[in-house]
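Only one structure is covered here, and it is reproduced in the block below.
Side-chain atoms are counted along with the backbone in the values below, which use heavy atoms only and exclude waters and symmetry mates. For clarity, every value in this text was computed on a predicted model and none was experimentally measured. Order of the sequence lines fixes the chain letters, A, B, ..., with proteins taken first and strands second; residue numbering starts at 1 for each chain.
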Amino acid sequence: MSEQERIQRQRSARKDTSSSEVAVEGVKGEQLKSDLDDLLDEIDEVLEENAEEFVKNYVQKGGE
Amino acid sequence: MAIEKVLGIETEFGIAGGPDRDPVLASSVLVNAYAQQGRSRINWDFDGETPDLDARGLPGLTSFAPIVETHLANTVLTNGARLYVDHAHPEYSSPECRTPLEATLYDVAGEEVLRRSMLVANEILDSADRITVYKNNSDGKGNSYGTHENYLVDRSIEFAEIVRAMVPHFVSRQILIGAGKVGAETDDARSASPSFQISQRAEFFEEVVGLETTLKRPIVNTRDEPHADAERFRRLHVIIGDANMSQTATFIKLGSTALILAALEDEGLTNFPSPPRHPVHAVRAFALDTSLKTTVACEDGAVRCAWDFQDMFWELCRSYVERRGGEAVAPPDQLEMLLTQWRELLDGLHTNRELVADRIDWVAKLRLIEGYRDRHQLASDDPKLQAIDLQYHDLRPERSLSQRAGLRVLFESIAVREAVHKAPTTTRAFFRGECVARYPDQVIAANWDSLVFDLGTGPLQRVPMADPLKGTEAMTSHLLETSATANALLEALDR
């Protein structure tokens, strides 16, 4: 194998790894996004009904 | 050698609902509900409480001494913790723990204690008066309540050195352990009109060093009340921290701070980053910038962002553990977990925040807020976003958003249930918790450094526990196992 060939092989091998890494990252990204979508659906289910009233009424005395 | 880092967290919980919407009454109802449901009806003993002593040695003339309220509900639990009413909040003070991971477990057990308090109290209350508890630090209207950490420190370290060492950490650690907040509450922060801040607490800090906790809050609190032998020990009372829902965040908060203190004790200030010139400005400015790009000028002339400080502290701790072992803080496997997690959080903040949304509260919360805002095309001051902020901290499983946010869990639920009842085994909390569990009718009062017994005849008897590292399971289990009654225990102690 010539020097030139070896370098090309190394390059393509490296390229393969990095593209598969990108693919994994891509899958992870989609997974995270669909997780977030599910989560946002759930927020709609459990969020206090009258958010404005709820937030207004949450008044605490200082502590510590 | 660094002092063994006995540590723990006190949390004042937010509270809503209750009879007449009276937060003091609601807090009392919660504490009493828990005490009566369990076996613990033992009072807190205020002898020896001196919260107005100042670590700088100055008389507290310009300060308002904190008020000790003796008339409110107050109890000691079998896990060695204290559960009581502080001002207008229910407060859980964890037992003294020996490692950051153990102290995290007992902080999580505190959430469970409050959850059970709510369940018991709400069974007896009218449905309109039901109580809800939030593990957060502000109401969004300018009222803040605390989450305080405590660390055992060598008395021989000058307090000024502690200040210089810890200020850069306390202003910057919020990027890892901030709980996040929609909007702003104080004039200064409001003028920047942030839609979101990294920390719940940052904007409430007004001084670098001081004794107060309720007004003019200082970055380094000087309360000098060691609850131990004051000749040997100091208790560093840290008031600048958010209540965390992320267990990893609590672990990093406790672990990083304990390691930095141990490094200071063993090696002095040599490797510490130079503090910001204006620490109060730094802590507030860092909180306001979710891009983390804000830099501040330091005393050595360098300009640093919060991430830079934390990167330097990580390196300081890594090399300290390499040189010295770090056993004053935790065993090797736990230290490795601490340094690995801390590094991962820092790297994630730099490269891809999605990767740390399962461990950093403000990142997790911001993800919910922005996702919801974008989906429903809401304005950044929409009350729904503030409601999401509040409900992130709601302790009720059916309403909690942090429980739905995919945060990593460090403990099995069985371990948490056990920590609700059983004290840590390697500090004096073990002896306190066991006495409360074994002799509930004779232990009539307890505090951090003593127990008071009433045997029915003769005077009350106080058992001092001045050393937080004595009273452990190894030292006292035989004594307890062979003492069927409190009389037998006290006789054996007299011998």
Side-chain angles (χ1 to χ4, degrees), chain A, chain B residues 10 12-17 21 23-24 66 86-89 91 132 134 136-148 182 204 212-215 217 239 352 354-355 357 367-368 370-372 374-376 382-391 394 396 398-401 404-406:
Chain A
M1 202 190 313
S2 73
E3 184 72 4
Q4 189 66 28
E5 275 173 334
R6 207 160 48 228
I7 289 169
Q8 282 206 328
R9 277 187 169 224
Q10 280 173 353
R11 275 197 188 138
S12 58
R14 211 164 40 221
K15 203 175 158 201
D16 282 353
T17 341
S18 64
S19 64
S20 74
E21 272 167 14
V22 170
V24 169
E25 285 295 312
V27 171
K28 262 194 206 158
E30 277 166 34
Q31 182 62 41
L32 284 168
K33 189 169 178 320
S34 89
D35 287 351
L36 182 60
D37 281 340
D38 291 347
L39 193 53
L40 296 176
D41 291 340
E42 252 189 287
I43 291 181
D44 277 325
E45 285 165 30
V46 300
L47 200 63
E48 297 283 350
E49 276 170 22
N50 188 337
E52 191 166 359
E53 200 65 9
F54 164 58
V55 167
K56 198 180 85 191
N57 288 338
Y58 187 80
V59 181
Q60 301 290 302
K61 292 201 170 158
E64 309 182 54
Chain B
E10 325 152 27
E12 292 175 3
F13 291 83
I15 188 163
R21 302 294 176 266
V24 180
D86 192 19
H87 302 278
H89 301 271
E91 174 159 343
T132 310
Y134 298 83
N136 62 2
N137 299 105
S138 96
D139 66 357
K141 299 164 188 73
N143 303 307
S144 185
Y145 32 101
T147 299
H148 301 168
V182 170
F204 293 103
E212 292 87 353
T213 56
T214 54
L215 67 162
R217 292 182 182 88
I239 70 167
N352 181 1
E354 288 282 349
L355 298 178
R367 185 167 171 262
L368 300 187
E370 288 183 339
Y372 198 84
D374 294 348
R375 175 187 275 196
H376 298 281
D382 192 289
K384 282 205 166 105
L385 302 181
Q386 287 170 283
I388 292 173
D389 182 349
L390 278 176
Q391 261 181 261
D394 193 326
R396 295 172 297 175
E398 67 275 20
R399 293 283 185 181
S400 164
L401 293 183
R404 290 168 168 77

Closer than 3.5 angstrom, by distance alone: can the side chain of B:Q391 be matched with the main-chain N or O of A:E48 as a donor-acceptor pair?
yes

Relative to each other, are the rings of A:F54 and B:Y134 parallel, tilted or perpendicular (30° and 60° limits)?
tilted

Residues in ring pair (Phe, Tyr, Trp, His ring centres under 6.0 Å) with B:Y372, at least two apart?
B:H376

Just so I understand: if I count every heavy-atom pair under 4.5 Å between each of B:A16, B:P23, B:S144 and chain A, which residue has the most?
B:S144

Check side-chain contact (heavy atoms from CB on, under 4.5 Å) between A:N57 and all other residues, then give those that pass, not counting sequence neighbours.
A:E53

Top of B:H148, B:E10, B:E12, B:R217 for chain A proximity - count of heavy-atom pairs under 4.5 angstrom:
B:E12

Testing the basics here: between B:P383 and A:V55, what is the closest heavy-atom pair and its distance to 0.1 Å?
O-CG2, 3.5 Å

State, with a plain yes or no, whether a side-chain heavy atom of B:L401 is found less than 4.5 Å away from one of A:E42.
no

Chain A contact via B:Q386 - side chain, backbone, both or neither, heavy atoms under 4.5 Å
both

Do you know which of B:L390, B:I388, B:D382 has the most heavy-atom pairs under 4.5 Å to chain A?
B:L390

Out of B:N143, B:N136, B:T132, B:D139, which residue meets the side-chain hydrogen bond (donor to acceptor under 3.5 Å, both in side chains) rule with A:Y58?
B:N136

Run A:L39 and B:R404 through side-chain contact (heavy atoms from CB on, under 4.5 Å) and show every step you take.
CA-CA 7 Å; A:L39 193 53; B:R404 290 168 168 77; 3.8 Å; yes

Chain B interface, residue from A:V59, A:N50, A:L40, A:D35 that has the most non-hydrogen pairs under 4.5 Å
A:L40

Structural part of A:D37 lying under 4.5 Å from a heavy atom of chain B
both

Taking NZ in A:K61 as the centre, count heavy atoms belonging to other residues, nucleotides or ligands within less than 6.0 Å. Is the count above 12?
no

Below 4.5 Å from any heavy atom of chain A, which atoms of B:R21 appear? Answer side chain, backbone, both or neither.
neither

Quick one: does any side-chain atom of A:Q60 pair with a main-chain N or O of B:I15 as donor and acceptor, under 3.5 Å?
yes

Residue part contacting chain A, namely of B:E398, when any heavy atom lies under 4.5 Å:
backbone

Could you tell me if the side chain of A:D44 sits less than 4.5 Å from the side chain of B:K384, heavy atoms only?
no

Is it the backbone or the side chain of B:R399 that comes under 4.5 Å from a heavy atom of chain A, or both, or neither?
both

Given that the side chain runs from C-beta out, which part of B:L368 has a heavy atom under 4.5 Å from chain A: side chain, backbone, both or neither?
both

